[in-house]
Amino acid sequence: MSAFDFINPAGPLYAKREPVFPRAVKGRYRQLKWAVMVFCLAVYYITPWIRWDRGPYAPDQAVLIDMANRRFYMFAIEIWPQEFYYIAGLLIMAGIGLFLVTSAVGRAWCGFACPQTVWTDLFQHVERWIDGDRNAQLKLNAAPWTAKKLGRRLGKWSIWLVIAVATGGAWIFYFADAPTLANQFITGDAAFVAYATVGVLTFTTFTLGGFMREQVCIYMCPWPRIQTAMLDEKSLIVTYRDWRGEPRTQGVKKAAAAGEKVGDCIDCNGCVAVCPTGVDIRLGPQLGCINCGLCVDACDDVMTKLNRPRGLIDFLNLDDQASERAGAAPVPLLKTLLRPRTLVYFSLWGSIGLVMLFTLGERARLVIDSAQDRNPIVVTMSDGRVRNGWTVKFRNMEHRPRTINFTMAGLPGGKMWTDTMASRDAARTITLKLAPDATTRLHLYVVAPRGPAGETPFTLVAQPQDAAASESPSASRQAVRDVKFVRQ
């Protein structure tokens, strides 16, 4: 007896992994998984190559995370660093969306749209194409290593590797111009971080999608544990109607001839054979069940062949299970989904989205920031006037150069000039040219007649001259900054 067995006399805590080879199945949920998989993969691989015309002063890639220039572009939307709260809002919406989906249909995210599910599904289709369906895969897995088996394995792994490299390559294209980076990557001129990123993502995709698969869902991912706090008695989960299926029998005709009472389940194990995580749903809700519905398709197919009602395995909630067990009619699906909890989640999700859209449409396209000089605050000129200084930043969020009238309102007798002009040209209104999609920084000097010590408030106003040339409704909006002139 080993030391471990002495500590745990019941046996080892960990069992060797049994490979899962799901059987191919046809049905409505398999079709839905096909559609979701194709859509997700198409969005991921194609999006970096979509072009979006923003004019000559901005990149034309539709979705771009421009780390060098600190911009995030998504079609007509551009997010600046100080607007990161929009990203936070998107993350909050994603979280609430997961709460909504989980509350309504359990782990449907895991079963249909999770990246681990999508890429594992893709790898499994490649595996069936090379090795055959479930029975052929089981036979090949148990067979000794031969030239034929090695050839099949190398062929399958080669295709997996190509998919993994494409996955890593697509990811880096979101952070730079895709055609340019692709050319640099092939010629060896790309930055080291690009090759490192592709290497890491290739390894993780190849390993997690090809070899670890259901282990990621069962052991590595925290989401199944978190979901238990979000499910309630009305959440739809894949359920085996044991009150209808039990007792099971494999000899339907023989049992009927003997007058035995049998359930609809013929113990064919079709539900287990198609499960991507190897779960037997007839044992009840389990951590490994990802609500993909493939067992529903497999069971419905068998019930159809036996001329029995479909739905022996179906999406049900705990309340419906109790009522159906008592003989009540099934509750309509729409009534199950539209309930206070899901409506609250949807209302929160929609409200955040509407607020973000409203603020995006109303945000200013021209912004002024200022910081007053501190050392010294006040400078007395040779003619007796008093001068203050500010560092002023003009943030032009339009994709074109702009000309503005920069005016001071208030502070009687005051004039201003910048470090790009002579003090003799000081005036109450000056004309400035701003670079496109950039922050222009200037040093501003303001002089005013001597007066009583204290602070005199006044306003800096930036009024665009070319607002009519923009398609943005907020382009004509002036930027205002309240400041204080100090006398001593």
Side-chain angles (χ1 to χ4, degrees), residues 14-25 30 33-34 36-46 48 110-174 181-182 185-186 188 190 192-221 272-279 288 290 292 294:
Y14 301 97
K16 182 180 178 182
R17 174 182 179 254
E18 294 294 335
V20 177
F21 300 105
R23 175 170 61 83
V25 65
R30 177 64 264 180
K33 281 179 67 67
W34 269 114
V36 173
M37 183 186 73
V38 171
F39 174 77
C40 291
L41 292 174
V43 168
Y44 178 75
Y45 288 119
I46 296 175
C110 299
F112 291 89
C114 172
Q116 173 66 18
T117 295
V118 171
W119 266 268
T120 296
D121 209 11
L122 178 61
F123 277 31
Q124 286 175 342
H125 289 308
V126 172
E127 191 169 50
R128 292 192 189 101
W129 179 54
I130 299 293
D131 295 341
D133 206 353
R134 172 182 166 82
N135 292 335
Q137 292 177 33
L138 288 170
K139 183 178 179 180
L140 183 63
N141 185 65
W145 283 95
T146 61
K148 180 179 180 181
K149 180 175 180 178
L150 180 61
R152 286 180 179 271
R153 287 289 188 264
L154 291 177
K156 178 178 66 176
W157 293 341
S158 298
I159 298 176
W160 285 358
L161 187 60
V162 171
I163 296 173
V165 172
T167 301
W171 177 257
I172 64 173
F173 293 149
Y174 284 90
L181 182 56
F185 193 90
I186 294 173
F192 171 77
V193 67
Y195 296 102
T197 301
V198 172
V200 170
L201 291 179
T202 297
F203 174 77
T204 54
T205 304
F206 184 79
T207 304
L208 300 183
F211 300 99
M212 300 189 69
R213 296 183 178 176
E214 78 286 347
Q215 292 179 296
V216 176
C217 303
I218 297 175
Y219 301 112
M220 295 175 60
C221 181
V272 181
V274 301
C275 180
T277 60
V279 165
I290 59 174
C292 65
L294 295 182

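Hydrogens, waters and symmetry mates are skipped; everything else that's a heavy atom, side chains included, is used. Sequence positions, counted from 1, serve as the residue numbers for this chain.
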Student: Would you please name every residue forming a salt bridge (Lys or Arg N to Asp or Glu O under 4.0 Å) with Arg30, sequence neighbours left out?
Tutor: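 Arg30 satisfies salt bridge (Lys or Arg N to Asp or Glu O under 4.0 Å) with Asp121 only.
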Student: In sequence, state the C-alpha distance, the side-chain angles, and the governing distance for Phe211 and Trp157, and then conclude on side-chain contact (heavy atoms from CB on, under 4.5 Å).
Tutor: CA-CA 10 Å; Phe211 300 99; Trp157 293 341; 3.6 Å; yes
Student: Which value, rounded to the nearest 0.5 Å, describes the distance between Met212 atom CE and Thr204 atom OG1?
Tutor: 11.5 Å
Student: Check whether any side-chain heavy atom of Ile163 lies under 4.5 Å from a side-chain heavy atom of Trp119, and answer yes or no.
Tutor: yes
Student: Specify the closest pair of heavy atoms between Val274 and Val25, including all atoms of both residues, with the distance to one decimal.
Tutor: CG1-CB, 3.9 Å
Student: For residues Leu181 and Ala190, report the shortest heavy-atom separation together with the two atoms involved.
Tutor: CD1-CB, 4.1 Å
Student: Show which side-chain atoms of residues 136-145 pair as donor or acceptor with protein atoms under 3.5 Å away, not counting sequence neighbours.
Tutor:
residue	atom	partner	partner atom	Å
Gln137	NE2	Gly132	O	2.7

Student: For Thr202, enumerate each residue passing the side chain to side chain contact (heavy atoms under 4.5 Å, CB included) test, keeping only those at least two apart in sequence or located in another chain.
Tutor: Leu161, Ala164, Val165, Val198
Student: How would you list, by chain and number, every residue that makes a side chain to side chain contact (heavy atoms under 4.5 Å, CB included) with Val20, sequence neighbours excluded?
Tutor: Pro22, Glu214
Student: Looking at side-chain heavy atoms only, is the closest gap between Ile290 and Pro276 below 4.5 Å?
Tutor: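 A side-chain contact exists here, since the closest heavy-atom pair is under 4.5 Å.
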Student: Can you list every salt bridge (Lys or Arg N to Asp or Glu O under 4.0 Å) pair that touches residues 201-213, not counting sequence neighbours?
Tutor: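 Matches after skipping sequence neighbours: Glu127-Arg213.
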Student: Residues in salt bridge (Lys or Arg N to Asp or Glu O under 4.0 Å) with Arg134, at least two apart?
Tutor: none
Student: Count the heavy atoms belonging to other residues, nucleotides or ligands that lie under 6.0 Å from OH of Tyr45, then report whether that count exceeds 12.
Tutor: yes
Student: What residues, two or more places apart in sequence or in another chain, satisfy side chain to side chain contact (heavy atoms under 4.5 Å, CB included) together with Cys275?
Tutor: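 Once residues adjacent in sequence are excluded, the partners of Cys275 under the side chain to side chain contact (heavy atoms under 4.5 Å, CB included) criterion are Thr277, Val279.
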Student: Using modelled atom types only, decide if a donor and an acceptor are shared between the side chain of Thr117 and the backbone of Ala113 within a distance under 3.5 Å.
Tutor: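 No.
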Student: Identify each donor-acceptor pair in which a side-chain atom of residues 37-44 lies under 3.5 Å from a protein atom, sequence neighbours left out, and give them as a table.
Tutor:
residue	atom	partner	partner atom	Å
Tyr44	OH	Thr167	O	2.5
Tyr44	OH	Trp171	N	3.3

Student: How far does OG of Ser158 sit from CD1 of Ile130, to the nearest 0.5 angstrom?
Tutor: 9.0 Å
Student: Looking at residues at least two apart in the chain, or sitting in another chain, which of them share a side chain to side chain contact (heavy atoms under 4.5 Å, CB included) with Ala196?
Tutor: Phe192
Student: Is the ring pair Trp34/His125 parallel, tilted or perpendicular, if the boundaries are 30 and 60 degrees?
Tutor: parallel
Student: What is the distance from atom CZ of Arg128 to atom CZ of Arg23, rounded to the nearest 0.5 Å?
Tutor: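 Between atom CZ of Arg128 and atom CZ of Arg23 there are 9.5 Å.
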Student: For Tyr195, give me all partners under ring-ring contact (aromatic ring centres under 6.0 Å, His included), at least two apart in sequence or on another chain.
Tutor: Phe185
Student: Can you tell me how far CH2 of Trp160 sits from OG1 of Thr205, rounded to the nearest 0.5 angstrom?
Tutor: 12.5 Å
Student: Quick one: closest heavy-atom pair of Cys292 and Gly111, and the distance?
Tutor: CB-O, 3.7 Å
Student: I'd like to check the ring-ring contact (aromatic ring centres under 6.0 Å, His included) partners of Trp129; sequence neighbours left out, ordered by chain and number.
Tutor: none
Student: In chain order, what residues pass the side chain to side chain donor-acceptor pair (under 3.5 Å) check against Arg153, with sequence neighbours excluded?
Tutor: Asp131
Student: I'd like to know whether OH of Tyr219 has more than 12 heavy-atom contacts from other residues, nucleotides or ligands below 6.0 angstrom.
Tutor: no
